**Q** 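Quick one: structure below, then a few questions.
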2 protein chains.
Amino acid sequence: MAKTTTSNHAGAARQRGVTMNDVAKHAGVSRTAVSFVLSNRENASISEETRTRINEAVQALGYRPNAGARALASQRSDWYGIVTEIVTAPFAVDIIKGAQDQAWLDRKFLLIAPSDQADAVGPNQGLEDAATEKLLEQRVEGLLYAATFHRGVHVPETAKEVPTVLINCFDADGKLPSIVPDERAGGRTAVERLLQAGHRRIGVINLDPAIPAAIGRLEGAREALADAGLELDPELVVPGYATADGGYEAACHILDRYPQQDRPTALFCLNDRMAMGAYDAIKERGLTIPGDIAVIGFDNQELIAAYLRPKLTTVALPFEKMGALGVQTLAALTAGQPIVADQQLVGCPLLERSSV
Amino acid sequence: MAKTTTSNHAGAARQRGVTMNDVAKHAGVSRTAVSFVLSNRENASISEETRTRINEAVQALGYRPNAGARALASQRSDWYGIVTEIVTAPFAVDIIKGAQDQAWLDRKFLLIAPSDQADAVGPNQGLEDAATEKLLEQRVEGLLYAATFHRGVHVPETAKEVPTVLINCFDADGKLPSIVPDERAGGRTAVERLLQAGHRRIGVINLDPAIPAAIGRLEGAREALADAGLELDPELVVPGYATADGGYEAACHILDRYPQQDRPTALFCLNDRMAMGAYDAIKERGLTIPGDIAVIGFDNQELIAAYLRPKLTTVALPFEKMGALGVQTLAALTAGQPIVADQQLVGCPLLERSSV
DNA sequence: ATGCGCGAGTAACGCGCGTTACCTATCTGG
DNA sequence: CCAGATAGGTAACGCGCGTTACTCGCGCAT
């Protein structure tokens with residue numbers, strides 16, 4: 001068996017790289033032949049015998065291709081870059097997860113670079129430019145931009161040298177394809193669920209009314225109510241800071257404002273953090289969930305929704321799916337295929353738990 | 001000004017790469033000269049004049065170095081790889097954040113590959129091997145392994161071809177350097193804080209007693225008590241599932257077991273999720289936090305700790321710092337420097353909020 | 001005038017691999 | 001017996017860059 005006894009041995013590759021040449025020598029063929037069998041070339045005329053001989057040599061030497069050299073020679077890197085503030089503000093990590101998984105499936109590598117776009121036009125505007133630049137230096141085949149919350153962003157000019165897809169955000173001026181949650185449908189889903197449970201008077205704890213999430217979700221809520229022949233009472237829509245405290249205060253406001261018979265029987269909280277605060281307000285008043293007041297959230301922040309008592313029914317933001325779809329879209333773009341639409345909406349599924 | 005009027009123009013690099021050769025031609029020098037000024041070579045004798053001429057050419061053509069080619073030629077990739085289940089189970093993302101930031105500072109690139117080690121010896125044991133292999137194909141200079149929770153792991157053999165550091169986990173058999181939280185000191189910190197607030201009878205909601213986190217934190221708790229001349233009453237240590245429900249039940253158990261005068265006045269919950277459940281149990285009984293019962297957690301899961309009412313005082317797991325330290329250690333290793341210790345403990349700082 | 005050192009730069013090799021063009025031996029049909 | 005096809009390869013170029021060795025002109029001491 002062991003021909004070359006002492007020197008190299010499977011798994012114990014020598015320090016600096018076994019190359020194709022080594023494999024070729026070991027197998028007694030040309031390097032070209034090795035390259036052909038390793039890349040599974042179609043019209044390669046290599047006899048079955050030498051093919052196996054080469055494969056054995058690969059095993060024996062523990063050969064491992066050099067991705068960089070391959071990229072240089074083939075002019076394709078198999079890398080996508082994603083620049084995201086998620087690394088800096090870990091809320092929607094699932095975007096990365098989804099993208100990562102999909103990339104892995106496609107045998108692509110995802111290079112992750114941090115961005116500070118969160119501080120918008122702030123002082124470190126330069127950072128994401130640097131990130132983009134670094135990624136382009138790696139000759140990524142495409143770029144992804146991901147935001148922690150749905151909003152408009154400004155993409156560095158240089159990014160446009162390469163196919164680019166936006167995830168959970170959209171290009172303020174340009175025409176870059178983007179993947180965003182279908183906030184409107186999500187809002188509709190939430191309210192429909194409450195209506196279905198028999199609620200007719202529904203309080204809404206709103207977010208900053210200017211952001212896409214608030215606009216869309218509220219619109220969806222109105223639609224659902226309209227379908228049921230109801231209207232959204234403006235007095236029942238109270239804004240809150242997007243925190244538990246904000247939710248608590250908003251909930252107090254709603255609960256204390258009306259005599260019991262006029263009090264809403266359900267609360268649609270536009271995010272789970274506020275729902276968390278609303279829980280406290282409700283419990284404080286000796287009311288039960290969902291018996292006296294049903295609560296439905298939005299976002300499906302697992303750490304909150306799955307651990308509140310009772311567990312929170314909520315509408316999920318499809319981060320993971322958006323990430324995956326982003327990579328798929330990018331793959332299509334880099335392959336020269338036309339994309340489906342400029343802006344792809346991803347549905348927000350309802351997660352039934354116990355608060356409705 | 002504009003000499004070459006039509007063709008290339010800043011920012012609008014032609015599709016497939018401006019190379020050093022182009023820059024050299026544009027500046028009327030050799031490619032070597034360009035290489036020298038771009039890499040800021042020490043003993044390069046390049047006149048100030050040609051130096052600026054070259055830099056101008058770089059600007060004018062929008063030249064961008066090709067990282068792959070550079071890596072190939074220089075035999076250094078400037079890449080670290082991190083394989084982690086965090087991508088699949090995003091709990092300790094801050095490890096990635098810390099590592100990423102530090103790598104960025106060091107001008108290194110962090111390649112992130114997913115692992116499924118969470119299911120230990122499960123069916124997809126192969127995945128992380130594949131991940132490691134992929135990273136090695138990229139010729140990363142070093143490898144990081146990160147786990148979502150502190151525990152022993154098994155590292156693929158192939159990883160040992162390259163400097164490797166473990167974060168938030170340790171090598172069961174081998175001698176790989178690792179970075180882990182100082183659980184013992186953290187446990188001590190928590191209990192000392194309670195003692196300082198005057199509590200003498202402290203209940204502990206434990207985790208699975210076999211995991212390093214539980215072992216260490218409990219040991220620290222004992223030490224702190226011993227320092228105060230107290231002992232940990234075994235009856236006051238009740239195990240719980242690491243969830244809110246688990247914490248709820250354990251807290252009920254403790255609170256209902258004793259008459260008021262014997263009841264503990266403080267609860268040390270070994271993680272924040274269980275503290276979340278404990279809150280409910282306490283509130284349900286009409287008790288206040290921290291008035292009747294003080295609560296201290298562990299982990300500092302922001303989404304929980306910062307949003308509970310009252311906000312939860314807790315001991316933080318230093319994920320970000322561990323990530324950064326991991327990269328620093330790796331940098332030292334790859335530079336051939338000896339490392340400080342085989343296992344580096346990172347302190348767990350107390351985060352004062354309002355529950356004690 | 002000669003030699004020597006130095007500033008300023010260049011030619012050329014190699015990194016590991018994909019790829020194209022070519023080459024040789026063997027078989028087939030006429 | 002020979003043209004041509006086909007199986008089974010190989011030589012050699014280039015990808016973009018780092019790096020070493022070398023060249024060339026010039027000032028200065030001998």
Side-chain angles (χ1 to χ4, degrees), chain A residues 13-55 57-58 61-79 136-141, chain B residues 13-55 57-58 61-79 136-141:
Chain A
R14 59 171 192 262
Q15 197 54 4
R16 268 307 166 199
V18 176
T19 79
M20 269 195 176
N21 260 320
D22 301 333
V23 175
K25 250 173 246 164
H26 188 101
V29 296
S30 74
R31 196 183 54 67
T32 309
V34 178
S35 174
F36 282 176
V37 344
L38 287 189
S39 49
N40 260 327
R41 239 178 117 91
E42 283 301 317
N43 46 0
S45 40
I46 304 280
S47 71
E48 202 52 41
E49 188 216 321
T50 61
R51 184 180 302 273
T52 63
R53 198 143 41 88
I54 289 176
N55 280 325
V58 165
L61 298 183
Y63 168 74
R64 176 164 30 234
N66 181 320
R70 172 174 290 175
L72 183 56
S74 68
Q75 302 283 58
R76 315 177 313 106
S77 66
D78 285 350
W79 293 336
L136 289 175
E137 285 184 8
Q138 309 293 332
R139 295 302 187 267
V140 294
E141 294 179 359
Chain B
R14 61 170 190 262
Q15 196 56 5
R16 268 306 166 200
V18 177
T19 80
M20 270 198 176
N21 259 321
D22 301 334
V23 175
K25 249 172 246 164
H26 188 99
V29 297
S30 75
R31 196 181 55 68
T32 309
V34 178
S35 175
F36 282 176
V37 342
L38 286 189
S39 50
N40 260 328
R41 239 178 119 90
E42 283 301 316
N43 47 1
S45 40
I46 303 282
S47 71
E48 202 51 43
E49 189 216 320
T50 61
R51 185 181 301 273
T52 63
R53 197 143 41 88
I54 289 176
N55 280 324
V58 166
L61 298 182
Y63 168 74
R64 177 166 26 235
N66 181 322
R70 171 175 290 174
L72 183 56
S74 67
Q75 302 282 60
R76 315 179 311 105
S77 66
D78 285 351
W79 295 330
L136 289 175
E137 285 184 8
Q138 309 293 332
R139 295 302 187 268
V140 293
E141 294 179 359

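Being a predicted model, the structure only gives us computed values, none of them experimental. Letters A, B, ... mirror the listed sequences (proteins, then strands); counts begin at 1. These numbers come from the heavy atoms of this one structure, side chains and all, not from hydrogens, waters or symmetry mates.
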**Q** Counting distance alone, no hydrogens or angles: does the base of D/dA7 have a donor or acceptor under 3.5 Å from a partner atom on the side chain of A/S45?
**A**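 Result: no qualifying N/O pair found.
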**Q** Does A/R31 get its side chain close enough to the base of C/dG18, under 3.5 Å, for a donor-acceptor pair?
**A**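 Yes, a donor-acceptor pair under 3.5 Å.
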**Q** Rounded to the nearest Å, what distance is computed from the CG atom of residue B/L72 to the P atom of nucleotide D/dG18?
**A**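 My rounded result for the distance is 11 Å.
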**Q** Which sits closer to the 5' end of DNA chain D, A/F36 or A/A69, going by the nucleotide each is nearest to?
**A**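 Between the two, 5'-proximity favours A/F36.
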**Q** CD1/B/I54 to NE2/B/H26 distance, rounded to the nearest 0.5 angstrom?
**A**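 Spacing of CD1 (B/I54) from NE2 (B/H26) equals 11.5 Å.
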**Q** Can you tell me how far apart CZ (B/R31) and NZ (B/K25) are? Round to the nearest 0.5 Å.
**A**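 B/R31 CZ to B/K25 NZ: 11.5 Å, rounded to 0.5 Å.
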**Q** Between P on C/dG14 and CD on B/Q75, what's the gap in Å once rounded to a whole number?
**A**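 In whole Å, C/dG14 P lies 14 Å from B/Q75 CD.
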**Q** On a plain distance test, is the side chain of A/R51 in donor-acceptor contact with the base of D/dG8 below 3.5 Å?
**A**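 There is none.
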**Q** Roughly how many Å is it from CG in A/L38 to P in C/dC17, rounded to a whole number?
**A**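 In whole Å, C/dC17 P and A/L38 CG are 9 Å from each other.
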**Q** Using atom CZ of B/R41 as one end and atom P of D/dT20 as the other, report the distance to the nearest whole Å.
**A**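 Nearest whole value for this atom pair: 6 Å.
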**Q** Are any of B/S39's side-chain N or O atoms less than 4.0 Å away from OP1 or OP2 of D/dG18?
**A**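 Checking D/dG18 against B/S39, no side-chain N or O comes under 4.0 Å of OP1 or OP2.
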**Q** Could one point to a donor on the side chain of B/T32 or the base of C/dA11 with an acceptor on the other under 3.5 Å away?
**A**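 Under the 3.5 Å cut-off, the side chain and the base do form a donor-acceptor pair.
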**Q** Could you tell me whether A/S35 contacts a base, only the sugar-phosphate backbone, or nothing, with contacts defined as non-hydrogen atoms closer than 4.0 Å?
**A**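 Base: the residue A/S35, judged by heavy atoms under 4.0 Å, touches a nucleobase.
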**Q** Would you please confirm or rule out a distance under 4.0 Å between OP1 or OP2 of C/dA8 and any side-chain N or O of B/S47?
**A**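 No, because none of the side-chain N or O atoms of B/S47 sits under 4.0 Å from OP1 or OP2 of C/dA8.
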**Q** Nearest 0.5 Å, what's the OG-CG distance between A/S77 and A/L72?
**A**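 If we round to the nearest 0.5 Å, A/S77:OG and A/L72:CG are 11.5 Å apart.
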**Q** Could you tell me the separation between the NZ atom of A/K25 and the C1' atom of D/dT10, rounded to a whole number of Å?
**A**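 One finds 16 Å between C1' of D/dT10 and NZ of A/K25, rounded.
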**Q** For A/E49 and D/dG9, what is the distance between atoms CD and P respectively, to the nearest whole Å?
**A**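 About 8 Å, once rounded to whole Å.
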**Q** Using whole Å, report how far CG of B/N40 lies from C1' of D/dT19.
**A**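 Those two atoms, CG and C1', are 16 Å apart.
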**Q** Round to the nearest Å and state the distance from A/I46 atom CD1 to D/dT6 atom P.
**A**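 For the pair A/I46 CD1 and D/dT6 P, the rounded distance is 18 Å.
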**Q** Report yes if some heavy atom in the side chain of B/V18 is under 4.5 Å from a heavy atom in the side chain of B/R64; otherwise report no.
**A**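 No. Closest side-chain heavy atoms not under 4.5 Å.
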**Q** Does a side-chain N or O of B/T50 approach OP1 or OP2 of C/dA8 to a distance below 4.0 Å, or not?
**A**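 So the side-chain polar atoms of B/T50 never come under 4.0 Å of the phosphate oxygens OP1 or OP2 of C/dA8.
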**Q** Report yes if at least one side-chain N or O of B/R70 is closer than 4.0 Å to OP1 or OP2 of D/dG18; otherwise report no.
**A**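 Yes, because at least one side-chain N or O of B/R70 sits under 4.0 Å from OP1 or OP2 of D/dG18.
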**Q** Side chains of B/L38 and B/M20: closer than 4.5 Å at any heavy-atom pair?
**A**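 Yes - at least one pair of side-chain heavy atoms lies under 4.5 Å apart.
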